[in-house]
Every structure is written in C-alpha cells, then in structure tokens.
Amino acid sequence: MTTKLAALQSWVDQVAEHTRPEAIHWCTGTDAEYQDLIEMMLATGTLTTLNKKTHPNCYLHLSSPNDVARVEHLTFICTPDRDDAGPNNHWKSPEEGHAQMDALFAGCMRGRIMYVIPYCMGPIESPYARCGVEITDSPYVVANMKLMTKVGNKALQRIEKEGTFVRGLHSTGELDPERRFIMHFPEELSIKSYGSGYGGNALLGKKCHALRIASYQGRQEGWLAEHMLIVGLENPDGDVHYIACAFPSACGKTNLAMLIPPESMKGWRVWTLGDDIAWLHLDEAGKLRAINPEAGYFGVVPGTNEKTNKNAYDMITHDTIFTNVATTEDNQPWWEGKKDGKPARDWQGRVYDESAGPAAHPNSRFTVAATNNPAYSSLADAPTGVPISAIVFGGRRKQLAPLVYEAKSWEHGVLVGAGTASETTAAATGAVGVVRRDPMAMKPFCGYNFGDYWEHWLSFPARSEHLPKIFHVNWFRQNDKGEFLWPGFGENIRVLEWIVDRVEHRAGAQGTPIGFLPHVEDLNTNGLKIDRAALEELTSIDAEQWRQEMTEILEYLETYGDRLPDELRRQQAMIVEALDSELAEAS
Ligand code: GTP
Ligand code: SPV
Ligand code: MN
C-alpha cells in the first residue's frame, strides 16, 4: 500500500531514506494484521502468551527496566520563541531539536521493518476528530496503536481528503537513556521520539499528539485538549449527565470513568466515554461538548481488583496486552492488589523475591480496546460527542484539599485548575509522593506556555453563556495514622451525585472563602460506612492553611511573568480577601 497524498508519500520516502529500514509496511489496522504482529512478536520474544484458559488472547511484554514510564526531563517543546513553550516545558529551538533528533534517527532502522500507521483520534466521522501518521520500527507500538486509536484505511482516506495530518516519527533506537528524547514541533504539527518503547513516549497518538500538539491546535482553533476522563452518570430516573475530570497520572481517572455504584445506590449507572483524554468544543448553541480521541485504554494495573474496579478487572481478562506485570506459576498475570494467586516471576521475568521490590512494576499497564469495557457508553463514538455538565479538577493531597468544592464562577474555576497540586506517582520517572503544582493535570502535557493556556481557558465565557460549573475533588485525604479518610472508588459516585445536583440547583452547600462545599447533610450518605468526624473533616477547610496555600499558588503563578492573565491575580486576591476576613473574625 502507498498513498495518493504526495505530502505523505514524500515524508515516508524521506524517512526511509534517512533511517534505512529493511522493509516498509503500511498498516491496515485489521485483526489479521494484529494477529500476524502478535505471532511475530511471540517468535522474537517481545511478547509471551499468558494463560490461555484464564486470559484468552492476552500477552505479556516486559520492557527494558530503564524504560518503564514517561520521561518529563527528556520531553521538549520546540518553538522559535522560548516563551511560547513557557516555564512549564523544556524547550529547544526547532533547528536544534531537528538536528539532534535527525542525528539519532540516521540509519537507525537498518535491519528493521518501518511501519507506517495512519490513525484517527476520535470518531472517524466527527468534525472534532484529528488524524495523524506514526512511523515506527516497533511492532509493539503498532499493536498498541491498533487497540488505542482508529488505525487503517478510513483514517488514511480522511488524511488524503484533508491533506493535513500530524507527523509522528518514532524509533526504539537502542533503548539507551542517554540517547532518548521526545520532541514536539507544534508549529509543524510534528513529533520525533527516539530511544523509548514505553507508553506515552512511544504511542505517539496519545500524549504527544492528543495532548501536546492538540492543545496547541486547540488554542489556535478555539477548543481544548485536556487530560480528562469523560463519564456519564445515570440516576435512577434514567437522566444522564456527562462529567469531565482532570486528575494527574495515576490519580484515579480510569477508576472513576468505570465506576460501579455501591449496593446502597440502587438504580444508578455509570457509562464510560473515556479514561484519559478529552477534546472539548463549544457547539453552535454554546454547549461544551466532549469527545474522547482514544479508542482504548492504557491503564495502571496495580490496585485493580473486583472491589476497586470490577469493570476493569473483568475487561482485562481477555484480548489485552500487559506491560511489566508479574506472572503466577500457571502464567496468569499478577500485580500488587490482585486478590488471588501469588507471583512466581516478577516484572523483569526473574524468580519473584519479596526483598527485591514489588512483583509488578508500580506503573505496569494494560492496553485494551475500549469496546471491551462492560460500561462502554453507546455515545462514545458519537460524532458530536456529549454535552458536559461539570468539569472537575483533582489531585492527590494527604492534607488541605477537601473532598469536594465548587468554584464560584468559571474564572474562579480556572484559578482552581491552575492552582491544583498533587503528590507525584510512578507514572513518570523521578521521586514519588512529592507535592507539585500540576495545573489542570496538564503539567507534563500542555504543548505551550501555561500563561497562554489559562488565557485561552479564560476566553470561553465571552463565547458562551452555558459553560459547565467547575469543581475540585480529593479522594486522597489522610488522617494522622496515614489512613484514607474517604473510602473512594465506587463511593465516589456520592460526590458526583452532589456535583450533578448542584448543576441542577437541587443540592445545598456552605459558602466558604474557597468556594461552595457540601454540608455533611448535603451528601448522600445512605449506606455509607464512615464516621461523622471523618465526614466533617472532609467537608471543612482550615482557613490558615488555605491562606498559606493561596500565597504559594500566587508565587507559582507569578513564575509565568507577563504571560500570566491578570484575571488569575484578581481571582487569587478575592480568595485571599475572603480568607483574611474569616481569619480576622475568628481571632
Ligand atoms: P493515567 O492513566 O496515568 O493518566 O492515570 P489515571 O488517573 O487513569 O489513574 P488510575 O485510575 O489508573 O489510578 C490508579 C491509582 O489511583 C491506583 O493506585 C488506585 O488505587 C488509585 N485510586 C483510584 N481511585 C481511588 C480512590 O477513589 N481512592 C483512593 N484512595 N485511591 C484511588
Ligand atoms: C499518564 O502517565 O498520564 C498516562 C500513561 O496516561 S502514558 O500514556 O504513558 O503517558
Ligand atoms: Mn494519563
């Protein structure tokens, strides 16, 4: 196969000329092609077959031990003006970025097959969808892209019709951390990634295209590309509200997107639209609508069990690629938090030794088609997406952040998003458990200066009078014994219920300096096992701590200098004033 589109054909020719592959394979995205790739990877040892009885069509890939997560320090935005990338990104000039990457790619595919993957992000007929082509020398990437995106002829036809596409060039190279970079050239809609075969570093449709490049496109074209799950919440009357939530990596998006209501919440149902990325557009009536650009899930495995996420647990019993989990004696996948079985081999294929760390890597992942999900929404493939009733920001905070609060306005909500902080997780290399600012959960993913990004968010009220309300949640508050105060998982539906009821003006709240919090009585606690003191702590704020937090938020925001919208300074000052007068009254 080749293409009618000269720009695509000549790019493929140039890349082949430069990287010198043994052969070129244009991907069709068919099941037969997937099976062929699997067979080939089984033959070369890239994959092994898992227990066919318990886990039909499931395979295990063990990555290089130095290549197990995103690498933010090796990820760059290349723009002519450094300020366009902003303090939130590592920067290089496009000339320097290309020169460095081109040197790495020279001859790197010798003896390898070069795969050309035309893909579409989003429903193929959707005006909101966008296409790309990834060139890679990794069959593992091709197989994952087949599960995660819409690969094949329909995408190619759309690309040929539109004439534009995002160009992603990837090679696993030598998997040498010293020769590993992920570079983005937003003005050229192109990506070059070398030296990693893992997740968002290598599946270029995901974070590189659908977040970093798309966020840049979204700003130019008036829409938003966000690190958000999209979930439909159906109440016992059958009314469905759609909610988009931005939580940082490994902070509960997949869990919330696939939530199973507890026994005591009869009649409630949850439908998954997406678990990681949302593209948000205003429609002609001014309603914010969301599509999920992805067609599958690349989810965190550890902690998944029948209690925490039964939908995910069932979904990954078949037709799944596991990366970096452990295995049992009878070759079933195993991970920390799986209730049954025990590990025989760890994520590096070694005989399991308790003293050598966890059996499954903390950032081990499953890749699975979204259609495997028992809670998959019938609207997940709707070309116009779903209307969003509420936007929710969140993070992992042992302290400070209450269970839930509602912003006073869209502009205040933008400050809430911009000020969000979270404890770091194993999803990226580096220290775990360190609190850092992660605005809108986009710190690793925004393809341009955050100052401009907040300005873009703040431009929406002038374009619509029907914007969703904005909230903030925290499932991760702990008591002084280090125990979670909130049971989380399925019980989070109670917080979603309050959010929807606020949107529908039928739930109470207490006004506080930081926004509207539920009184304990405003939450549906029927059948919830939790003591009153914990609920009270979860639904109150410490004004003094928040006063300190607001100071730190302003310090952080000021690092964006003249790109920081004045509106955020104004919003911060209003919260400070409210906190100060509350503190003065109390003293
Ligand atoms: P990425 O795919 O990395 O973007 O992350 P994600 O936000 O989809 O992460 P995921 O849902 O897979 O988060 C997994 C981690 O969050 C596991 O450690 C879970 O145990 C934990 N988690 C999810 N929901 C809850 C909750 O309600 N309460 C608590 N305490 N932990 C939760
Ligand atoms: C994340 O880290 O937020 C992920 C996994 O969703 S990856 O695609 O590897 O970025
Ligand atoms: Mn993510």
Taking W223's backbone N and O only, do any of them form a donor-acceptor pair with H456's side chain (distance below 3.5 Å, no angle check)? yes

Residues M258 and A312: closest non-hydrogen pair is CE-N, 3.4 Å

Hey, does R167 have a side-chain heavy atom less than 4.5 Å from the side chain of V15? no

Look at the aromatic rings of Y448 and Y216 and report parallel, tilted or perpendicular, splitting at 30° and 60°. perpendicular

Hey, what do you get for CD (E72) to OG1 (T429), rounding to the nearest 0.5 Å? 7.5 Å

For P118 against I159, the heavy-atom pair lying closest together: CB-CD1, 4.2 Å

Greater than 12 external heavy atoms within 6.0 Å of R269's CZ: no

Has R70 got a side-chain atom pairing as donor or acceptor with Y198's backbone, closer than 3.5 angstrom? no

Would you name the heavy atoms of T425 and S249 that are closest together and state the gap between them? OG1-O, 3.0 Å

Using modelled atom types only, decide if a donor and an acceptor are shared between the side chain of R396 and the backbone of A250 within a distance under 3.5 Å. yes

Spacing of CG belonging to L273 relative to OH belonging to Y242, to within rounding of 0.5 Å: 6.0 Å

For a quick test of your reading: what N or O donor-acceptor pairs under 3.5 Å do the side chains of residues 139-152 make, sequence neighbours left out?
residue: Y140; atom: OH; partner: T323; partner atom: OG1; Å: 2.6
residue: N144; atom: OD1; partner: T367; partner atom: OG1; Å: 2.6
residue: N144; atom: ND2; partner: Y140; partner atom: O; Å: 2.8
residue: K146; atom: NZ; partner: G29; partner atom: O; Å: 3.1
residue: K146; atom: NZ; partner: D31; partner atom: OD1; Å: 2.7
residue: T149; atom: OG1; partner: M145; partner atom: O; Å: 2.9
residue: K150; atom: NZ; partner: D381; partner atom: OD1; Å: 3.2

Interatomic distance, H61 atom NE2 to I321 atom CD1 [nearest 0.5 angstrom]: 9.5 Å

Mind checking the CE-OG1 spacing from M315 to T371? Nearest 0.5 Å is all I need. 10.0 Å

Drop me the distance from S422's OG to F476's CZ, to the nearest 0.5 angstrom. 7.5 Å

Taking side chain as C-beta onward, heavy atoms only, is R112 less than 4.5 Å from S171? yes

Are L211 and M442 close enough that some pair of their side-chain heavy atoms sits under 4.5 Å apart? yes

With side chain to side chain donor-acceptor pair (under 3.5 Å) as the test, pick out the partner of Y297 among N373, D275, T254. N373

Any side-chain donor-acceptor pair under 3.5 Å between N324 and S63? yes

Between R158 (side chain only) and I124 (backbone N and O only), is there a donor and an acceptor less than 3.5 Å apart? yes

Could you check whether atom CD of E504 has more than 12 heavy atoms from other residues, nucleotides or ligands sitting under 6.0 Å from it? yes

Test side-chain contact (heavy atoms from CB on, under 4.5 Å) applied to D330 - qualifying residues, sequence neighbours left out: N51, T328, Q332

Are H25 and Y115 near enough that their ring centres are under 6.0 Å apart? yes

In short, L528 meets P487 closest at the heavy-atom pair CD1-CG, 3.8 Å

So with a 6.0 Å cut-off around NZ of K154, is the heavy-atom count from everything else above 12? no

Ring-plane angle category for W457 and Y453, please: parallel below 30°, perpendicular beyond 60°, tilted otherwise. perpendicular

Side chain to side chain contact (heavy atoms under 4.5 Å, CB included) evaluation trace for S193 with L204: CA-CA 8 Å; S193 166; L204 301 187; 3.8 Å; yes

Can you give me the closest heavy-atom contact between V503 and A390, atom names plus distance? CG2-CB, 4.2 Å

Would you call the rings of F247 and W475 parallel, tilted or perpendicular, taking 30° and 60° as the class edges? perpendicular

So does K266 pair up with E263, basic N to acidic O under 4.0 Å? yes

Partners of P262 by side-chain contact (heavy atoms from CB on, under 4.5 Å), sequence neighbours excluded? S264, M265, E491, I493, R494

Decide yes or no for S464 and H466: does some side-chain heavy atom of the first lie under 4.5 Å from some side-chain heavy atom of the second? yes

Should W26 and V12 count as side-chain neighbours, where that means a heavy-atom distance under 4.5 Å? yes

Separation between CD1 of I24 and CE of M114, rounded to the nearest 0.5 Å: 4.0 Å

Check whether T320 reaches the backbone of F366 with its side chain - one donor and one acceptor, N or O, closer than 3.5 Å. no

Is it the case that over 12 heavy atoms from other parts of the model lie below 6.0 angstrom from the CD atom of E162? yes

Residue set satisfying side-chain contact (heavy atoms from CB on, under 4.5 Å) with F489, at least two apart, ordered chain then number -> N255, T308

May I ask you to decide if K339's main-chain N or O and N305's side chain share a donor-acceptor pair within less than 3.5 Å? no

Would you say the side chains of N309 and T304 form a donor-acceptor pair under 3.5 Å? no

Mind checking what makes side-chain contact (heavy atoms from CB on, under 4.5 Å) contact with N331, not counting sequence neighbours? L50, T327

Mind checking whether T2 and Q9 have side chains closer than 4.5 Å, heavy atoms only? yes

Check whether S215 reaches the backbone of G447 with its side chain - one donor and one acceptor, N or O, closer than 3.5 Å. yes

Determine, step by step, whether L280 and M228 satisfy the side chain to side chain contact (heavy atoms under 4.5 Å, CB included) criterion, reporting the C-alpha distance in whole Å, the side-chain angles of both residues, the deciding distance to 0.1 Å, and the verdict. CA-CA 10 Å; L280 304 168; M228 291 177 176; 3.9 Å; yes

Report the residue from N201, D137, T136 that forms a side chain to side chain donor-acceptor pair (under 3.5 Å) with H170. T136

W268 vs L259, side chain to side chain contact (heavy atoms under 4.5 Å, CB included): CA-CA, chis, key distance, verdict: CA-CA 11 Å; W268 290 82; L259 179 152; over 6 Å; no

How far apart are the closest heavy atoms of T420 and G394, and which atoms are they? CG2-O, 3.5 Å

Do the side chains of N57 and H318 get nearer than 4.5 Å, heavy atoms only? no

Could you check if a side-chain atom of C27 sits within less than 4.5 angstrom of a side-chain atom of E33, using non-hydrogen atoms only? yes

So F322 and W335, would you call those rings parallel, tilted or perpendicular, with 30° and 60° as cut-offs? parallel

Write out all pairs satisfying salt bridge (Lys or Arg N to Asp or Glu O under 4.0 Å) with one or both partners inside residues 237-257, taking only residues at least two apart or from two chains. K253-D276

Could you check whether any side-chain N or O of E336 sits under 3.5 Å from a backbone N or O of A360, counting only pairs where one atom can act as donor and the other as acceptor? yes

Apply side chain to side chain contact (heavy atoms under 4.5 Å, CB included) to K342 and Y352, showing your working. CA-CA 10 Å; K342 54 179 204 284; Y352 175 60; over 6 Å; no

